[in-house]
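Treat the numbers as computed from the prediction; the structure is a model and nothing was measured. Below, chains carry the letters A, B, ... as their sequence lines are ordered, and counting in each starts from 1.
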Protein chains: 2
Amino acid sequence: MSQKLFVSAQEVAEKAGVSRSAVSRTFTSGASVSPKTRQKVLDAAEALGYHVNHLARGLMRNESGIVCLIVSEIGTPYRSSLIRALTQQLQNSGKVAMLINTDRSDGSVDLALRQAIRYRADASIILSGLPDKSITDLCLKNGQRLVLINRDDDREGPLRINLDDEEAAARIATAFVRAGCKRLAFANSEAGTPSLMARERGFIAAAATLGMDVVVGRYGHTGYEAGRIVAQQLLTLKERPDAVFCATDLLACGFMDAARHQFSMSIPDQICVAGFDDIEQASWSSYQLTTFAQPVDTIAREAVSWLVEDGAALESRSVRLHADLVWRTSIRGG
Amino acid sequence: MSQKLFVSAQEVAEKAGVSRSAVSRTFTSGASVSPKTRQKVLDAAEALGYHVNHLARGLMRNESGIVCLIVSEIGTPYRSSLIRALTQQLQNSGKVAMLINTDRSDGSVDLALRQAIRYRADASIILSGLPDKSITDLCLKNGQRLVLINRDDDREGPLRINLDDEEAAARIATAFVRAGCKRLAFANSEAGTPSLMARERGFIAAAATLGMDVVVGRYGHTGYEAGRIVAQQLLTLKERPDAVFCATDLLACGFMDAARHQFSMSIPDQICVAGFDDIEQASWSSYQLTTFAQPVDTIAREAVSWLVEDGAALESRSVRLHADLVWRTSIRGG
DNA sequence: CTCGCTTTTGCAAGCGTGTGCAAATGCTGC
DNA sequence: GCAGCATTTGCACACGCTTGCAAAAGCGAG
């Protein structure tokens, strides 16, 4: 199409009767412009519908203002609430979020990071999978910052944010014991994510300290349906558990529904249930799930403030946050 | 910092012993390069870790490859599943999604569109609020395409995707009557969104045709908690309803929980419930909600295919999709 | 080998910005 | 009015890329 599309600083300059640099400086904070010309420029810009081209600006400044969010299972309650918090924080800091969905193949996190590099993203925040060492090196070499949330903890360079999964697992184990539970179980998926496995290990270890065994059920990938299936595995055992710690709230919801509707069990009288994440559904009156709250706002704040801070971003940093236990009625006592 | 950051096409050209244009052409599909030089370039690029700068490319081509998703309440099940589908489709078409959260102020949709213009987004998809006419004009004038999903339907220029809300409302009304229900109710929020109001109007109109009245309850903004409150309004009436159509599934979940746990009612024996959206929770065994399924994948496909299609994008277009009724057990019979 | 044709290649202009540098302007105090 | 200074302004180059254009190279036929 032959029509003139965007209006450039040049045109604004002409209309305002100033030089193009004056226009540029008007829209660059901290630049030297007299109030008079500044106003002339602003008027002309408004009249013409001018908007600074962030593509060109990013090209010049070597700083695009873009932050990539690399995430799978976007539709999941916990993930989407984290995305909400992150976009919020990013926008507060003048950044903008580029969302990359990695639900498909397995190398898709690497592909996503490549995309991030192409758009010269200032940083990438990874909520899913774990990228190749070679790619992360490429990112770092390209001056891109990396944040790993609830991912592996032995990585060089980036910021790693994790929760105190083991400590939480230990707390819930003692809570079960205090509630008089005798046969502990752990419900997990087969995803093998670091944080899920940390909860499993922590729970087993804590139980051992208290002189108890844990029976573990795992199935599929981390969601409601898997919770149901694991419930079927665990509740048909000869020694039926009377307490189960589910690796996530979604698993817990599936587990509770199966326990109640398929096995006609009463919670917490016949079995105590705990979860992790504190998704919205955990507070619904059908579940009233006792669970650990992911501090999503703190996570987001921590991540974003590290991204925008200009000093010493190359040294790797590890943040361990605390997950508060939210007491509801799926465990006796409390 | 003085270190060299990104590697440019120039450097790749030198290493490969060809001109810069050869490098450019190698990474531009449909350009004329001999297989021999092409391979030389690819090798050099791989060795140096080169990635095309999409900022610069977008600047030249006047086409950034960026599509803005403008959305509020990102953490909500329906919204997040739509985001999932949209990012998926966009990536399939070689586009990338920029996610803008408009949870905060009321003019934030306009702000978001401004941001979209700054990054020269090829298009914006709006899932929340409704932008100022002046801004949408600006977008269109700037060659940006606009998609409105479940928004107002009398807009010029953009693609509008809506569901057949009235028809769905009519279908559920007859379903209630067929189940023998006598006193119909509608549960809504106070958001006043076009689609919510269309469902309300449609339901009332259909009921009138069948010679029945509808009592309407509205509260707060569209979510679980509002559903509970509306249940308290409606179930304490002298003439307690025996059928309720909830404007969304979240409202329905809240309504069902209140009906069961606060009013000890049995569903569907004492009251039939229907929802809209078919979020994941609707299929959970605690709810088993009969509801209309938002065809999120179709919506996403429709939106994205219109965006990438190069012909005739300026004429405005309106698509009305059908919402299938998913029968579960929250209505008698079926 | 030469001619005519197609494919490949390099040159250079341009996309819309930011910014260092030097010239110009404004202001203060004599 | 003028020197001395701080502030503002314009010029011109750079950022990394695409692409039209013309020159160069390849290629088959005579």
B/E11 atom CD is separated from D/dC15 atom P, nearest whole Å, by 10 Å
Do the side chain of A/S72 and the main chain of A/T102 share a donor and acceptor less than 3.5 angstrom apart?
no
Quiz item: Any side-chain heavy atom of A/V96 sitting closer than 4.5 Å to one from A/V67?
Solution: no
Output yes when at least one side-chain N/O atom of A/Y50 is less than 4.0 Å from OP1 or OP2 of C/dT17, else no. yes
Practice problem: Could you tell me whether a side-chain N or O of A/R118 sits under 3.5 Å from a main-chain N or O of B/N53, the two making a donor and an acceptor? | Solution: no
Every protein N/O within reach of nucleotides 5-9 of chain C N/O, cut-off under 3.5 Å:
residue: C/dT8; atom: OP2; partner: B/S32; partner atom: OG; Å: 3.2
residue: C/dT9; atom: OP1; partner: B/S34; partner atom: OG; Å: 3.0
residue: C/dT9; atom: OP1; partner: B/T37; partner atom: OG1; Å: 3.1
residue: C/dT9; atom: OP2; partner: B/S34; partner atom: N; Å: 3.1
residue: C/dT9; atom: OP2; partner: B/T37; partner atom: OG1; Å: 3.1

Rounded to whole Å, the CD-P distance (B/E14 to D/dG16) equals 12 Å
What I want to find out is whether A/D137 reaches A/K133 closely enough, with some N-O distance under 4.0 Å, to be called a salt bridge. yes
Atom CG of B/N62 and atom P of C/dG16 are separated, to the nearest Å, by 7 Å
Testing D/dT18, D/dG16, D/dG10 for proximity to the side chain of B/S24, the answer is D/dT18
Axis-to-axis angle for the helix from C/dC1-D/dG30 to C/dC30-D/dG1, ends of five pairs each, to 10°, equals 30°
B/M60 atom CE is separated from D/dG16 atom P, nearest whole Å, by 15 Å
Using modelled atom types only, decide if a donor and an acceptor are shared between the side chain of A/S124 and the backbone of A/L146 within a distance under 3.5 Å. no
Exercise. Hey, is the main chain of A/N101 close enough, under 3.5 Å, to the side chain of B/Q91 for a donor-acceptor pair?
Worked result: yes
Self-check item: Lys/Arg-Asp/Glu bridge criterion (N-O < 4.0 Å) met for A/R145, A/E309
Solution: no
Whole-Å distance, A/R61 CZ to C/dG16 C1', equals 13 Å
Rounded to whole Å, CG of B/L55 lies from P of C/dG18 at a distance of 13 Å
Regarding the side chain of B/V52, the nearest nucleotide among D/dT18, C/dG18, C/dT17 is D/dT18
Hey, would you say the B/Y50 and B/F6 ring centroids sit under 6.0 Å apart? no
Among C/dG18, D/dT18, D/dC17, the one nearest any side-chain atom of A/R57 is C/dG18
Checklist entry - Is the backbone N or O of B/R20 less than 3.5 Å from a side-chain atom of B/S24, with the two atoms forming a donor-acceptor pair by type? => result no
Side-chain contact check for B/A56: nearest option of D/dA14, C/dC11, D/dC17 is D/dC17
In whole angstroms, the gap separating P of C/dG16 from NE2 of A/H54 amounts to 16 Å
Here the distance between atom C1' of C/dT17 and atom NE2 of A/H51, to the nearest Å, is 16 Å
